[in-house]
Structure formats: C-alpha cells, structure tokens
**Q** 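Structure below; questions to follow.
Sequence lines set the chain letters: A, B, ... in the order given, protein chains first and strands last, and positions in each chain run from 1. Bear in mind that the values here come from a model prediction, so they are computed numbers and not experimental data. What you see below is based on every heavy atom in this structure, not just the backbone, and it leaves out hydrogens, waters and symmetry mates.
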Amino acid sequence: MAVMDAILKDLTESQIDAVTHLDGPLLMLAGPGSGKTRVVTHRIAYMISQGIAPSQIAALTFTNKAADEMRLRVEKLVPGQSVWMGTFHRFCAQLLRRYAPMVGLAENYSIYDTSDSKQAMKRAIEVADVSTSHTSPEQIASTISRAKNRLVTPEMMLASSKRSGPTMASKVYPQYQQQLLTANAVDFDDLLLHIALLLRDNPELRAQLDARFRYILVDEYQDTNLAQYAIVRALSIDHPNLSVTGDPDQSIYGWRGADLNNILDFEKDYPSVKTVRLEQNYRSTPNILRVADQLIQHNRRRKQKELYTHNDEGDPVVLRIYHNGYEEADAIADEISNAMAVEGFRPRDFAILYRMNALSRSLEHAMRRRGLPYQIINGLEFYQRKEIKDLLAYLHLINNPRHDVALQRILNTPTRGIGAKTIQRLRGYADRHNVPMLDAARQVDQIEGLAKRSATCVTRFVELFDRLSLKATASIEDLLRYVVEETKYEAFLLKSHVDEQDSSAVANVDELITAGVEFDRYHPDDGSLELFLEQTALVADTDAFEDENDRITVMTLHAAKGLEFPRVFVIGVEDGLLPHSRSRDTDAGMEEERRLLFVGITRAKERLQLSCCKSRTFRGDSRPAVPSPFFNEMPLDEIRRVESEVQQNWFDDDPYGNSYPDSWDLPEEDSEANQDSEPNQDSGSAVHEKPDSLFDETCQLTEQDREQEIAKRKKKTRAPLASLQTAAEMLASGSAPPLTVYREGTQVRHGEYGEGTIVSVTGRGPKRTAMIRFDDGERNFRLAFANLEVIGG
DNA sequence: TGGCAAAGGCTTTTT
DNA sequence: GCCTTTGCCA
C-alpha cells in the first residue's frame, strides 16, 4: 500500500517501533536531533492509516510553532485529516469555553496576560489589605502561580498555612481569584487549573472526554508541570493510549513548575509502558555532540543515554574570548557576513543564542550597521506595545464587559477627563458591591464624593462603549477600524508623540488591523471576537519565528528549543549569566542551567561557537566578566580556543559612546576592576581540582593589557576610566571635566534650596546620589543632574 | 486633571 | 540602560 510505504520509508528500526505502536502507553526518550518530530508525525499518520478516527487523537505541544510544524508534516503524509494539535493552554482554553459555567465563568471569559494579572494582583493586595513592605506583588504572584501549577487552591493554601500563620500569598490568593471571577477572566495558570480540577471532580465528564480523546500524544513531556500531568492522566484512564516524548536533558522550564519526575517516573505511573529510545543523532557533527555529551554528564538527575551519530567529523567547536560585548557582537556579525560572501551561507543558516533578552541589543546594532537581515525573537514584542494593548483592551471589553483591567486601561485612553481619583472611586464602589467596574460606571450617580464633571465624563464614556458594542459581531477588521475612528485614537497617538520621530505607533495600529484582516480571511465562518482575542492572548514570542524568512535568527536559549541551524553562536557564556546568578545557588538550578547550555549546543548542525567576554556592560556600566564554569566540563583539548587580538583602533572605532563608562566615579572604587575573577571558589567542588584552569592568562586583564588600555585611553578626549587614573591625573591631562569631589561633610550650595551639607553619598556612575542636609531637612540629589556648587569642606 | 521631568528600581528564562 | 512610578506645576 502506497501510503504505508511513504509512512514507514526511511525510518530506523527503533523509529518504526515507535511509529507502529498503537495501543497502550508509550514513552519515547528522544535525544536532540534524533528525528523525534518525524517519528511523532509519522506515528499520527500511521494511526490514521490504521483506521483510528482523527477526531479521537489530540497532540499537545508546548508552542504553537511546534503544533504548526506538526500539522504541516502530518498534512503531507495524510492530507485533509483533522487531528487536534495545539498547546496545552489552547487545548484547555477550548475545553473551558465549553464548560465555563461549571467553574463559575461565562463562556465569553477573558484570558488575562501577565500584565493584566499583575494589575488584578495589585488590586487583590489592596483589597486583602496586606502590607507589601517585605514582598513585591511579583513575588506574591509567582508564589500563587507556583501553587496553581501544583493544583493548590486558595482553600488548600489557607489550610496549610494555618499552623505557621497565614502568609501574604495565602491571604491574597482568595482575593485574587475573586477578582478574576468577578471579571469573568482567567490567567494562564487557571486554564490548566480549572480543567484539571474539573476532570478530577466530575467523573462523568472525565469519562466522556477520556473517550473523546482516545489517543493523546504529548510533546516535550519533560517540561510538563503537575497540572498538565493531572490533565493527561485523567484523560488516559479508560483508554490509556498516552504517548509522551521528551528528553530529561532538555528540561528547561523548572522555574515554571515543570517537574522532571513526570518523565523520570513515567514508567512507574504506567507499568505496561513500552519504552523506545532514540539515541542516534542526525543533526550534529561528532565534534559538537561530544561537547554536549560531556557537559551533560555532569548532571546527576537524568537518565543515562548514549548519543551517537554517523555524521562526518566536521570542524572543531570554537571557544572565542572577546574583550567586551560590543566586540563580540561586531565580530560575530563580521564572521556571518564573511561566511555569506565567501562560503555561500544564507542568513537563515545562522542563529545567535543567549541567556537573557538584554543581550540582544548590541547584536541588533552590529547587524543593522552591516545591513544584515535578522529577526529577533524576544519578549515585549508586538502585543505588548502600548498602542496595541490599548486597542485590544477595547475589544476585550466589548467581548467581556466585566474585564476590569481592560476598562481601567481605556477609561481615560485617549484622555477624556477621567483622572486617577475617579478611577479609584469607581474601583472602590465596584469592590464594595462586588460588581464589575463597568456596572459601577453605569451607576456613577450613586457614587458619593465624585465631582459632577467627572461623572459626566464617565457617562459619556459609557455611551461611547455602548455604541462600540453594537459592532461586536462585525468582522475584526471593521470592528478595529470603528474603534480607532470613534475614539479618535490616531489623533491621540500623534498628539502624544509630537516631538518624537515615533511614527511607529501608527504603523503598529495598521499592523494590528492587518492581523485582523488576516484573521477574518482565515476564519470566514467560525471567526469570532472571542476566538481572535484568545489567539492573541496565547501567542508566544517563539511563534513569531518564521523559517521561510531568509534571516539570521537571534533569540534566547529557551526559545531555541526544538530548532536547528547549520551554524550557531552562543554568546555570553559567562559565570553569572550562564549559569545565571539567580540559579547558581542550588544544585537543581545549576543542573537546569547546564541543560540550557546543552540545548543551545545541540541546536548546531555544522559549526558551533561559544563565546565569553572579559568585560560585559551591565545595567549601564562595564564590569569584569568571568568565563562560565561549564567550560571546565567540556573536552577542552578538542575545542579550538581563540582569543581576539587587541585591535589597534578598537577604542577609537567604538561607535557607542558608552562602551566604557565616563568617569563619574571616585577613585576609591578602583578596586572593583582589580578584584577579578576568582574562579568561583564556592561552587564546583568536583571539577575544582584542575588548577590549570585555562583562563588564568586569557580571561583576566594582564598587566600588559592594562597598560595598553591605559595608554589608549589617555589618547582619547573622553574621560578615562576612573579606576585607572587618579583624579589629579585626569585634571592634569585636561581629559576630563573638572572632577568635583563630593563626600560626606562637603558644603554645597543648591540653586534652589541654598546651602547644605552632604550627609552621605551612595550609588555609582550617573546615578551617584548625595543626601544633603539643608536647614529645612534632608534631600537626595543625583550628582549628575543636581546643580550644586561646592563652597567648602 | 494632565503633562512633564526626575527619581526609583530592576532583568532570567514564557504559556 | 531602560521602563515605571512619583512629584511638581500649569
């Protein structure tokens, strides 16, 4: 049979083993580049070819992108079949649409994004009346989020905190849930939580859905949390045809509640499981694979596996040491541009990966200056833009008039005379009566202490809203255009960006409308406002990735999971960055960081470069950087180490005025540059005894380097690095603005407040701040801005 | 009330 | 360095 041939052709024995497994639990342990997606898609095709109804199959992925990819490939094998494929969150969102009333919601419920839920959280904290002096809303939010991922309800949290006294989170959690319920909204975690609890508490519904989704496939199983575990478990009792794929070594979402035990204990949960191991790697060269393998051997919580490949040896992995982040970015951009010109690589062949989004900036500069086409996949993108959030807030409120966060956002946007005070009054009224704020706005006359004028403005807003609501069933495009027009939104944008060259805001509005047009075209029949909003809420940053675009890809290591590129650069492989300083303290944290680097390394097919810098600009000023301890866990003898030469004109060529800080700092802060890199004494007991840590000479500034740098800086007119010169020298050379020494006891005169005495000086660089005592009290000034005159001391 | 400028604070990763 | 909050003035 032809279809069958196509499905099983070119598969290895163990792959066929997995593909042809139909009934009963299946665990696929698949190393990087082992053709996992291929096996999963072929398996779906095989199932269908064996007569299993596509409607009984659900494939759950981690990102929409992975789902799209899967859909595309299944479509090729068995055209026209409709298997449900999508993310866990989308899966739950759609179930919840249907069963919303069972958890106290209406089916037009809204999905709060992170910033929405932060707003709700603040309000909950206010209502719960707890002091946040020792925590932040974010901290409480993350505690509650973790609780939800572990299926802990407000009642459970309260009960468990009975003994030690209620915690901040246990007091806020019920309030927060009340906020969401009143607003007919859920947050990301609730999507999973509601469904998990629904399945647990309603045996009939559970059985019904178990039968409906008879075959469930879960991708990236190593990244599932308890809530997700409970959901798939509940759907696989009568029909335990659950197949999961994953790689414990690629679990990188522990911070989000992912529980490695889900995959490590799968065989215990389902004793009759068939386990298939896919260990052959079809992606990378042996050189790359050995580095990855030796690194990950240092993790203890894992399942041992043998990675091997029949690919050609290829080039050695390169470890590159740069002076600073700007050089790193420039050199990589040059290298890419060279490889394209000389070796015929395409932009899409390259990926640059890093631990934090903040590291993308210098890369962006470097590539833009060379005219290299690139795509940055990062947070704070399109849907986070103010103008987009504003317009979507209108749509959200039209779809769900109880959406309080949206209401508060647009009540005075564009400005229409409704101030913070008025909004606060409305909120207070709403909280007291336990009603949505829009209802409060409709009853504005009954709110005491509100100025007549404010009340009129509110009423006018309600009228506007009612007018907009009449268009609720129009196409998304029409609705958006109508909103923009009725609110005079563009005029508002133009007015608020008068002197800026920021025309991008208006362009973004157009782009949103375009997105609406596309949605309308894609959903001629089933398109609804609700669905549009759901889609925009559940898009991830990684989904913006388009591989048909011929561009260099720039993104975080997290976002890179599941992708592959011929040439990969991992930048910023430095202690404190990778591993990140906030993960360094625990073994679990370190292991996850190690896995993260493992994921980065194994994205590369042909060539891999890891790089670190001697100094890195961070939060405004540059600090010495130390290579990642992970380098000591790699086969260094087969890695090619290249230290960039000191470029003669490097500092003069530097296009960014700030690669070295101007000298605001007082000489006493010298020491920082000198107390380099003690190669992490506290951590790494096992690998520690290598005294010849290869970085001794390379990654600390040698005396010679230092002298060269001093010489070069002296030539410049810009203020030199304070740590390398005394204030007197700077004055003598005329290279610095007259350096005023502000210290405790210095007498100063302020243009406005008169004479005073400096009590203390804190902070560094442009943020250096002095506390000055005047006759009428103490005030803080930033020395860089304050207009101070020294009169003595 | 609204607009602006300065101070404050903060950065891991994302559905 | 950048975004958010605050505090002051028209």
**Q** I'd like to check the side-chain hydrogen bond (donor to acceptor under 3.5 Å, both in side chains) partners of A/T556; sequence neighbours left out, ordered by chain and number.
**A** none

**Q** Rounded to whole Å, how long is the line connecting atom CG of A/L577 with atom P of B/dT13?
**A** 10 Å

**Q** May I ask you to verify if any side-chain N or O of A/K122 is less than 4.0 angstrom from the OP1 or OP2 atom of C/dT5?
**A** yes

**Q** Got a sec, which residues hit side-chain contact (heavy atoms from CB on, under 4.5 Å) with A/R233, two or more places apart in sequence or on another chain?
**A** A/Y229, A/D269, A/Y270

**Q** Of all residues at least two apart in sequence or in a different chain, which pass the salt bridge (charged side-chain N to carboxylate O under 4.0 Å, His left out) check with A/K389?
**A** A/D113

**Q** Which comes earlier along DNA chain B counting from the 5' end, the contact point of A/A420 or that of A/F618, where each point is its nearest nucleotide?
**A** A/A420

**Q** Which whole-number value in Å describes the distance from A/L353 CG to B/dT14 P?
**A** 12 Å

**Q** Please state how far atom NE2 in A/H558 lies from atom P in B/dT15, giving the value in whole angstrom units.
**A** 11 Å

**Q** Do A/R409 and A/H396 have side-chain heavy atoms sitting under 4.5 Å apart?
**A** no

**Q** Under 4.0 Å: is that the gap between some side-chain N or O of A/N357 and OP1 or OP2 of B/dT14?
**A** yes

**Q** Give the rounded distance in Å between these two atoms: CG of A/D259 and P of B/dT15.
**A** 20 Å

**Q** Taking the minimum atom-to-atom distance to the side chain of A/M356, which one of B/dT14, B/dT15, B/dT13 wins?
**A** B/dT13

**Q** Give the rounded distance in Å between these two atoms: CG of A/N225 and C1' of B/dT14.
**A** 12 Å

**Q** Rounded to whole angstrom units, what separation is found between the CD atom of A/E138 and the C1' atom of C/dT4?
**A** 11 Å

**Q** Check whether any side-chain N or O of A/S454 sits under 4.0 Å from OP1 or OP2 of B/dT1, and answer yes or no.
**A** yes

**Q** Choosing from B/dT15, B/dT14, B/dT1, which nucleotide comes nearest the side chain of A/W255?
**A** B/dT14

**Q** With heavy atoms under 4.0 Å as the rule, sort A/Y253 into base, sugar-phosphate or nothing.
**A** sugar-phosphate

**Q** Below the 4.0 Å mark, does B/dT14 have OP1 or OP2 next to a side-chain nitrogen or oxygen of A/T556?
**A** yes

**Q** Quick check, does A/F62 stack with B/dT15? I mean ring centres under 5.5 Å and planes off by under 30°.
**A** no

**Q** I'd like to know if A/R71 pairs up with A/D68 as an ion pair, taking the criterion as any Lys NZ or Arg NE/NH1/NH2 lying under 4.0 Å from an Asp or Glu carboxylate oxygen.
**A** yes

**Q** Out of B/dG2, B/dT15, B/dT14, which nucleotide sits closest to the side chain of A/N412?
**A** B/dG2

**Q** For A/E534, what residues pass the salt bridge (charged side-chain N to carboxylate O under 4.0 Å, His left out) criterion, not counting sequence neighbours?
**A** A/R97

**Q** If you only use heavy atoms from C-beta on, which nucleotide in B/dT14, B/dT11, B/dG2 is closest to the side chain of A/T415?
**A** B/dG2

**Q** Under the rule for ring-ring contact (aromatic ring centres under 6.0 Å, His included), what residues qualify as partners of A/Y221, not counting sequence neighbours?
**A** A/F266

**Q** With respect to the phosphate group of B/dT1, does any side-chain polar atom (N or O) of A/T422 fall under 4.0 Å of OP1 or OP2?
**A** yes

**Q** Please check if atom NZ in A/K386 has more than 12 non-hydrogen atoms from other residues, nucleotides or ligands closer than 6.0 Å.
**A** yes

**Q** Which is true for A/I418 with a 4.0 Å heavy-atom rule: it touches a base, it touches only sugar-phosphate, or it touches nothing?
**A** sugar-phosphate

**Q** Can you identify which nucleotide, out of C/dC2, B/dT15, B/dT1, has its nearest atom closest to the A/K421 side chain?
**A** B/dT1

**Q** Using atom CZ of A/F492 as one end and atom P of B/dG2 as the other, report the distance to the nearest whole Å.
**A** 11 Å

**Q** Counting the atoms with a prime plus P, OP1 and OP2 as sugar-phosphate, which does A/S581 contact under 4.0 Å by heavy atoms, base, sugar-phosphate, or nothing?
**A** nothing

**Q** What is the distance from NZ of A/K118 to P of B/dC10, rounded to the nearest Å?
**A** 10 Å

**Q** Pairs counted as Watson-Crick or G-U wobble with both distances under 3.5 Å: what dot-bracket string results for DNA chain B, using | for bases tied to another strand?
**A** ||||||||||.....

